[in-house]
S.K.: 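Below you will find the structure I want to go over with you.
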2 protein chains.
Amino acid sequence: MLKKVTMADVAKLANVSKSTVSQYLNKRYEYMSEETRKRIAEAIEELGYQPNVIARSLKQKTTATIGVIVFNMLHMLTTQVLHAIEEECQKRGFQVIVSNSGDDPEKEKTYIEMLLAKQVDGLIVFPTGKNEDVYQRLAAERFPLVFVDRMVPGVEADSVLLDNFGAAEMAVDYLATGGYDRIAIVTPPLVAHNVPRMERMEGFRAAMAKRGFDIDDRNVIAADPAVLPRELKKRFAESHRPNALFAINDLTLMGVLRFVRENAIRMPDELALINIDDVPFADIYTPALTTIAQPTFAMGKKAAEQVFLQIDRKRSGKPHVFRFSPILKERTSIRREKA
Amino acid sequence: MLKKVTMADVAKLANVSKSTVSQYLNKRYEYMSEETRKRIAEAIEELGYQPNVIARSLKQKTTATIGVIVFNMLHMLTTQVLHAIEEECQKRGFQVIVSNSGDDPEKEKTYIEMLLAKQVDGLIVFPTGKNEDVYQRLAAERFPLVFVDRMVPGVEADSVLLDNFGAAEMAVDYLATGGYDRIAIVTPPLVAHNVPRMERMEGFRAAMAKRGFDIDDRNVIAADPAVLPRELKKRFAESHRPNALFAINDLTLMGVLRFVRENAIRMPDELALINIDDVPFADIYTPALTTIAQPTFAMGKKAAEQVFLQIDRKRSGKPHVFRFSPILKERTSIRREKA
DNA sequence: TTGTAGGCGTTATCAG
DNA sequence: CTGATAACGCCTACAA
């Protein structure tokens, strides 16, 4: 590791002082002779000098780094949002430290602290939702912070998320317009701190009520993906089986499709299906899946932009919750006329 | 931002010197009175002191950070390997800076340099393959470096990749055993610096030869995923259409499936299909897709372990290329008896 | 236009 | 057992 080349070495070789080299590096060559400028450039070249960003950071108290904490790296939404964040950061010369909390609040807390110790300039968090005190502290310090995908009620921070309520309404409306009347919602277990899940549920209820459909309790199918096929099978063995399913996310969708496959249920004839999250295989599946996409790229970009605004201390005032509109992807897992 | 609490403050409040506080922080309390220990602990607590990792790094020349450069963040393999890397790093208290090169060598070079300037302790690279000089420099400096997914011939660095040759053989063997005799390979355009692609092609040729099958040139279908359906259609309009397809990766698979769907080709009756990369929808597809999985998690773990070995200067000697065995996932897109 | 000196927050060395 | 003091590599007045 010949990483020993320092500013001093360059200065010596170029016969100038360290400060002059520093000026040069920061492109302040207004008052610098063409001559010395060249000498420094050569010295740098010759030694293969690379400035030590750490030293700079220590002085400037800024690291050109932001921390991102996600709760599930393998989730497609995460990947896509992350991609957009990274891209936005590249434009600003920032880099991204990624940590995976696995939805474990303890871990999340630890990582937030590690990231702060590393002096990241900002934080984008897909929050577990269970570390309100930590979030509050950050908000109080006005540390640049943006929540993504989920928000945390009571914490004043910029948040970027889907219009979940609207997405659920969209699902119901689309199914209803197609003539389907026995609509069931399929979701992971409902827990209060999971805001999007609750919002989707509420949107569903509201849209059903608006249509004058009553909600059979048996048509709220809440189960972990692993046991979902079994639960569905149970429900479908009962009376008044649903003729349309709304899966609130991609994981749930997988459970539904497994059920459909195992029981040789014909779509869309026997059953219509719509879900949130535009999975990559949606249009090569048979039938092609009608889905509700999240604008993941726009969301990631916005999240990054907001941290940067905060870093630049340019935020207008109060934190804002940015709601992104869901996008209907019409395909063929739903007929447009009632059976 | 009340981030002004420094070691000096703690020292003052606890009535000791900075050095003592430092000892404490580094858990060297062997020769420290119970008394002072407690006082320091209290002071830290009271001030909410958080050590500044940047300052520590400057002194110790170590950052507990590794850089990962991938060429496509959205690729599933990338996500999964990344996940494993991150997990392994967590165990060691390391963090991960992720950059996306988009397979652009210029960007890759820039990021490598930025990461080095940030004093990362090691680098894991999914290489574009076109920056040999940069890789060489790193190797020469013995900077901790591991390549993943692709390797770079001529550069002496640990590399973690699939046994691509073996995977292609596996595909051919499985199809041949099922009685299929007109096997075509479907791949993105072949370019020399893309090692895995070439290796898979070679494995295919070798396995075909071994079986005594000759390879009709028209059965090497090389095209970008976007135009693949068209190319396939063209081929299938000709004589001696293939009765089995081997897609060398998931992107290619998507193209094949689109073709299959658009032309209502029945699998496995008219056409058998196998591919590398165990896509998440493989077993909910109809027919369930027989695939060859990469042990992505093990690969990521190994990559991380190898950088750490290098960081700890414990590497045995010469760099090593780690080949991971493909895993056959038998499903139903191939019949076991010949048509 | 360039150089000197001091400091950023830690750790390391060596006295005391 | 504890405390000066000097680095680490860079930036920034202020001097020259």
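Throughout, a chain's letter reflects where its sequence line sits, starting with A, and its residues are numbered from 1. Side-chain atoms are counted along with the backbone in the values below, which use heavy atoms only and exclude waters and symmetry mates.
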S.K.: Would you please confirm or rule out a distance under 4.0 Å between OP1 or OP2 of dC10(D) and any side-chain N or O of Y49(A)?
M.R.: yes

S.K.: Please work out whether the ring planes of F147(A) and Y135(A) are parallel, tilted or perpendicular, with thresholds of 30° and 60°.
M.R.: perpendicular

S.K.: I need the CZ-P distance between R37(A) and dT2(C), as an integer number of Å.
M.R.: 10 Å

S.K.: Rounded to the nearest Å, what distance is computed from the NZ atom of residue K12(A) to the C1' atom of nucleotide dT4(C)?
M.R.: 18 Å

S.K.: Under 3.5 Å, which N/O atoms of the protein pair with N/O atoms of nucleotides 11-13 of chain C?
M.R.:
| from | atom 1 | to | atom 2 | distance (Å) |
| --- | --- | --- | --- | --- |
| dT11(C) | OP1 | R56(B) | NH1 | 2.4 |
| dT11(C) | OP2 | S22(B) | OG | 2.8 |
| dT11(C) | O2 | K59(B) | NZ | 3.4 |

S.K.: For E34(A) and dT1(C), give me the distance from atom CD to atom P, rounded to whole Å.
M.R.: 11 Å

S.K.: To the nearest Å, give me how far apart NZ (K118(B)) and P (dC10(D)) are.
M.R.: 16 Å

S.K.: Specify the separation, in whole Å, of atom CG of D9(B) and atom P of dC8(C).
M.R.: 11 Å

S.K.: Flag this pair as yes if the NZ/CZ of R92(B) is under 6.0 angstrom from the six-membered ring centre of F308(B) and inside a 45 degree cone about the axis; otherwise no.
M.R.: yes

S.K.: Grab the CZ-P distance between R39(A) and dT1(C) for me, whole Å please.
M.R.: 14 Å

S.K.: In whole angstrom, what separates N52(B)'s CG from dG7(C)'s P?
M.R.: 18 Å

S.K.: In this structure, how many angstroms lie between the C1' atom of dC10(D) and the OH atom of Y24(A), rounded?
M.R.: 17 Å

S.K.: Does S57(B) place a side-chain N or O at less than 4.0 Å from the phosphate oxygens OP1/OP2 of dC8(D)?
M.R.: no

S.K.: Quick one: is dT2(C) close enough that its OP1 or OP2 comes under 4.0 Å of any side-chain N or O from S33(A)?
M.R.: yes

S.K.: Is NZ or CZ of R150(A) both nearer than 6.0 Å to the six-membered ring centre of F71(A) and within 45° of the ring axis?
M.R.: yes

S.K.: Counting only heavy atoms not in K12(A), do more than 12 sit closer than 6.0 Å to its NZ atom?
M.R.: no

S.K.: Under a 4.0 Å N-O cut-off, is there an ion pair linking K109(A) with E106(A)?
M.R.: no

S.K.: With a 4.0 Å cutoff (strictly under), does any side-chain N or O of T6(A) reach OP1 or OP2 of dG9(D)?
M.R.: no

S.K.: Considering non-hydrogen atoms only, spot the tightest contact between M151(A) and S159(A) and give its length.
M.R.: CB-OG, 3.9 Å

S.K.: Here's a test of your reading of the structure: between T20(B) and L58(B), which maps to the more 5' nucleotide of DNA chain D?
M.R.: T20(B)

S.K.: Within the structure, does a side-chain N or O atom of S17(B) lie under 4.0 Å from either OP1 or OP2 of dG3(D)?
M.R.: yes

S.K.: Closest heavy-atom contact between P51(B) and A117(A)?
M.R.: O-CB, 3.9 Å

